[in-house]
Amino acid sequence: MKYIDEFNDPDLARRLLDEIRSTATRPWALMEVCGGQTHSIIRHGIDQLLPEQVELIHGPGCPVCVTPLEVIDKALEIASRPGVIFCSFGDMLRVPGTDRDLFRVKGEGGDVRVVYSPLDALELARRHPDREVVFFAIGFETTAPANAMAVHQARRLGLTNFSLLVSHVRVPPAVEAIMTAPACRVQGFLAAGHVCSVMGMAEYPELAERFRVPMVVTGFEPLDILEGIRLAVRQLERGEHRVENAYPRAVREEGNPAAVRMIEEVFEVTDRNWRGIGPIPLSGWRLTDAFRSYDAEHRFDVTGIRTEEPAECRSGEVLQGLIKPTECEAFGTTCTPRNPLGATMVSSEGACAAYYLYRRMNAATPQAERAEREEMNPVA
């Protein structure tokens with residue numbers, strides 16, 4: 001398959017690994033921002049194939065994982081109400097709220113439905129004018145255009161029974177929060193390619209310059225990630241800190257102007273609370289005044305719900321790159337995909353889920369295992 005098979009070539013992967021080894025002369029710590037990249041890294045053992053000098057730190061780029069507990073509880077409250085059809089992507093259904101999840105609400109009689117697009121929820125609103133249809137609008141910049149389009153279409157069609165529960169977050173403020181944290185060890189970033197395919201790269205040069213870190217826009221296949229690492233390490237060794245595009249087949253400098261215009265028409269920037277991390281200024285979007293009537297949080301009067309994170313879940317430290325999932329005492333014991341304490345264990349982009357799925361159950365990788373993996377096909 002074009003753009004898949006050629007980016008899984010084991011011979012090219014070995015050549016890239018050899019170049020990374022020959023380039024890295026000092027210890028470097030890179031953060032991959034996106035949870036999709038984390039899963040690819042763990043699935044293919046890329047972190048274990050890298051030379052010891054290069055460490056990968058998992059970042060907060062899992063939108064399900066960073067959706068705050070109080071927003072989950074608001075979703076549960078709305079979904080439990082009679083006359084509501086609550087629509088969501090499937091990976092939100094098992095994310096735990098304070099005392100239950102959306103699957104439990106569905107089992108108790110709530111009309112909770114998995115959809116593949118916010119436009120599917122819009123069609124449900126058109127077909128069921130006597131029901132309130134709510135779509136759980138979460139995600140980074142990648143999913144914002146489709147959610148904005150759904151609200152725009154609802155207004156054009158005159159649908160008054162459709163609304164969004166919005167928990168959108170933005171990557172650049174999260175990068176700033178990571179770099180200004182006292183315990184930050186990040187020296188370079190693999191930036192999320194799908195976010196930049198929408199928003200472009202204009203917000204990143206200032207961050208790279210201010211914090212003196214290279215930022216390489218990176219894709220999701222094994223060779224994408226290895227090329228991103230190679231370019232980031234090369235910059236670090238040279239003392240450079242610029243933005244590079246290692247994903248040109250999908251990302252242009254200007255992004256997708258039509259998508260950005262749609263976002264800016266429907267959403268406005270706001271402060272946002274991140275699960276396990278806390279408030280990050282100007283890190284989210286909310287509906288503008290012109291579209292505020294489609295805001296489910298206000299429509300169902302759940303703005304006052306406030307919650308506290310469970311102390312035993314260390315997902316916030318995982319999301320900030322402060323610990324690996326296996327360093328959490330609950331990982332694989334009291335916290336599993338069947339009984340998760342936090343969203344990082346159930347989301348398809350969560351670091352804890354990746355470690356559990358691909359059987360990374362130990363806190364450290366022995367040198368013998370690293371040496372053995374170097375002889376294996378890194379993209380098998």
Legend entry - Pair E268-T288, side-chain donor/acceptor within less than 3.5 Å: no
Legend entry - Between T25 and E237: side-chain donor-acceptor atoms closer than 3.5 Å: yes
Please name the pair of heavy atoms, one in [X] and one in [Y], separated by the smallest distance, quoted to 0.1 Å.
| X | Y | value |
| --- | --- | --- |
| A148 | F267 | CB-CE1, 3.7 Å |
| A191 | V33 | CA-CG2, 4.5 Å |
| E312 | L341 | CG-CD1, 3.6 Å |
| E227 | A246 | CG-CB, 4.2 Å |
| P60 | I277 | CB-CD1, 4.1 Å |
| L124 | C87 | CD1-SG, 3.6 Å |

Legend entry - Summary of side-chain hydrogen bond (donor to acceptor under 3.5 Å, both in side chains) pairs that have at least one residue in residues 137-149, sequence neighbours excluded: N147-H168
Legend entry - Criterion side chain to side chain contact (heavy atoms under 4.5 Å, CB included) on M179 and L207, from CA distance to verdict: CA-CA 9 Å; M179 292 306 301; L207 291 169; over 6 Å; no
For [Y], does its backbone N or O pair with a side-chain atom of [X] as donor and acceptor, under 3.5 Å?
| X | Y | result |
| --- | --- | --- |
| S22 | E19 | yes |
| T67 | P63 | yes |
| N161 | H128 | yes |
| R299 | S293 | yes |
| Q187 | A29 | yes |
| T23 | R234 | no |
| R242 | P205 | no |
| D224 | Y247 | no |
| R292 | L287 | yes |

Would you say the side chain of [Y] lies within less than 4.5 Å of the side chain of [X], judging by non-hydrogen atoms?
| X | Y | value |
| --- | --- | --- |
| L30 | L236 | yes |
| L231 | P214 | no |
| R155 | V151 | no |
| Q53 | R26 | no |
| S88 | V112 | no |

Can you tell me how far [atom2] of [Y] sits from [atom1] of [X], rounded to the nearest 0.5 angstrom?
| X | Y | atom1 | atom2 | answer |
| --- | --- | --- | --- | --- |
| D301 | I78 | CG | CD1 | 10.0 Å |
| R286 | D295 | CZ | CG | 9.5 Å |
| L190 | L226 | CG | CG | 10.0 Å |
| E32 | T218 | CD | OG1 | 10.0 Å |
| Y358 | I42 | OH | CD1 | 9.5 Å |
| C184 | I57 | SG | CD1 | 7.5 Å |

Inset, instruction - For residues F162 and Y294, establish whether the separation of their ring centroids is below 6.0 Å. - result: no
Inset, instruction - List for me each residue that meets disulfide bond (SG atoms under 2.5 Å apart) alongside C62, sequence neighbours excluded, and say none if there are none. - result: C65
Inset, instruction - Evaluate the ring-ring contact (aromatic ring centres under 6.0 Å, His included) criterion for residues F86 and F136: first the C-alpha distance (whole Å), next the side-chain angles of each, then the deciding distance (0.1 Å), finally the verdict. - result: CA-CA 8 Å; F86 192 88; F136 202 174; 5.7 Å; yes
Inset, instruction - Among K324, H39, H58, R360, find the residue that satisfies the side-chain hydrogen bond (donor to acceptor under 3.5 Å, both in side chains) test when tested with Y355. - result: H58
Inset, instruction - Kindly write out the residues that satisfy ring-ring contact (aromatic ring centres under 6.0 Å, His included) with F189, not counting sequence neighbours, or none if the list is empty. - result: none
Legend entry - All ring-ring contact (aromatic ring centres under 6.0 Å, His included) counterparts of F331, not counting sequence neighbours: none
Legend entry - By side-chain contact (heavy atoms from CB on, under 4.5 Å) - contacts of R104 (at least two apart): R100, D101, E108
Inset, instruction - With sequence neighbours excluded, tell me which residues meet side-chain hydrogen bond (donor to acceptor under 3.5 Å, both in side chains) with R185. - result: E55
Inset, instruction - For R113, check side-chain hydrogen bond (donor to acceptor under 3.5 Å, both in side chains) against everything at least two apart and list the hits. - result: D111
Does [X] belong to the same Ile/Leu/Val/Met/Phe/Trp/Tyr cluster as [Y], with side-chain heavy atoms less than 4.5 Å apart forming each link?
| X | Y | result |
| --- | --- | --- |
| I178 | W274 | yes |
| V318 | M361 | no |
| M92 | I85 | no |
| V302 | L69 | no |

Legend entry - Whether over 12 other heavy atoms sit under 6.0 Å from R81 CZ: yes
Inset, instruction - For atom CZ of R212, decide whether the heavy atoms of other residues, nucleotides or ligands shown that lie under 6.0 angstrom number more than 12. - result: no
Inset, instruction - Under the salt bridge (charged side-chain N to carboxylate O under 4.0 Å, His left out) rule, what do R126 and E123 come out as? Steps first, then yes or no, please. - result: CA-CA 5 Å; R126 190 188 65 79; E123 176 61 17; 2.5 Å; yes
Inset, instruction - Provide the full list of disulfide bond (SG atoms under 2.5 Å apart) pairs with a residue in residues 247-351, sequence neighbours left out, each pair given once. - result: none
Legend entry - Sidechain N-carboxylate O distance under 4.0 Å for D11, R14: yes
Under 3.5 Å, side-chain donor or acceptor atoms of residues 194-203 against the rest of the protein: list the pairs with distances, not counting sequence neighbours.
unit_1: S197; atom_1: OG; unit_2: H194; atom_2: O; d: 2.6
unit_1: E203; atom_1: OE2; unit_2: R170; atom_2: NH2; d: 2.8

Inset, instruction - With sequence neighbours excluded, give me every salt bridge (charged side-chain N to carboxylate O under 4.0 Å, His left out) pair touching residues 329-353. - result: R314-E329
Inset, instruction - Not counting sequence neighbours, list each pair that qualifies as a salt bridge (charged side-chain N to carboxylate O under 4.0 Å, His left out) and has a residue in residues 83-94. - result: none
Legend entry - Candidate list V216, I41, V54, test side-chain contact (heavy atoms from CB on, under 4.5 Å), partner I229, passing option: V54
Just list the side-chain donor-acceptor pairs under 3.5 Å for residues 114-122, sequence neighbours left out, or say none.
unit_1: S117; atom_1: OG; unit_2: L119; atom_2: N; d: 3.0
unit_1: D120; atom_1: OD2; unit_2: Y116; atom_2: N; d: 3.1
unit_1: D120; atom_1: OD2; unit_2: S117; atom_2: N; d: 3.2

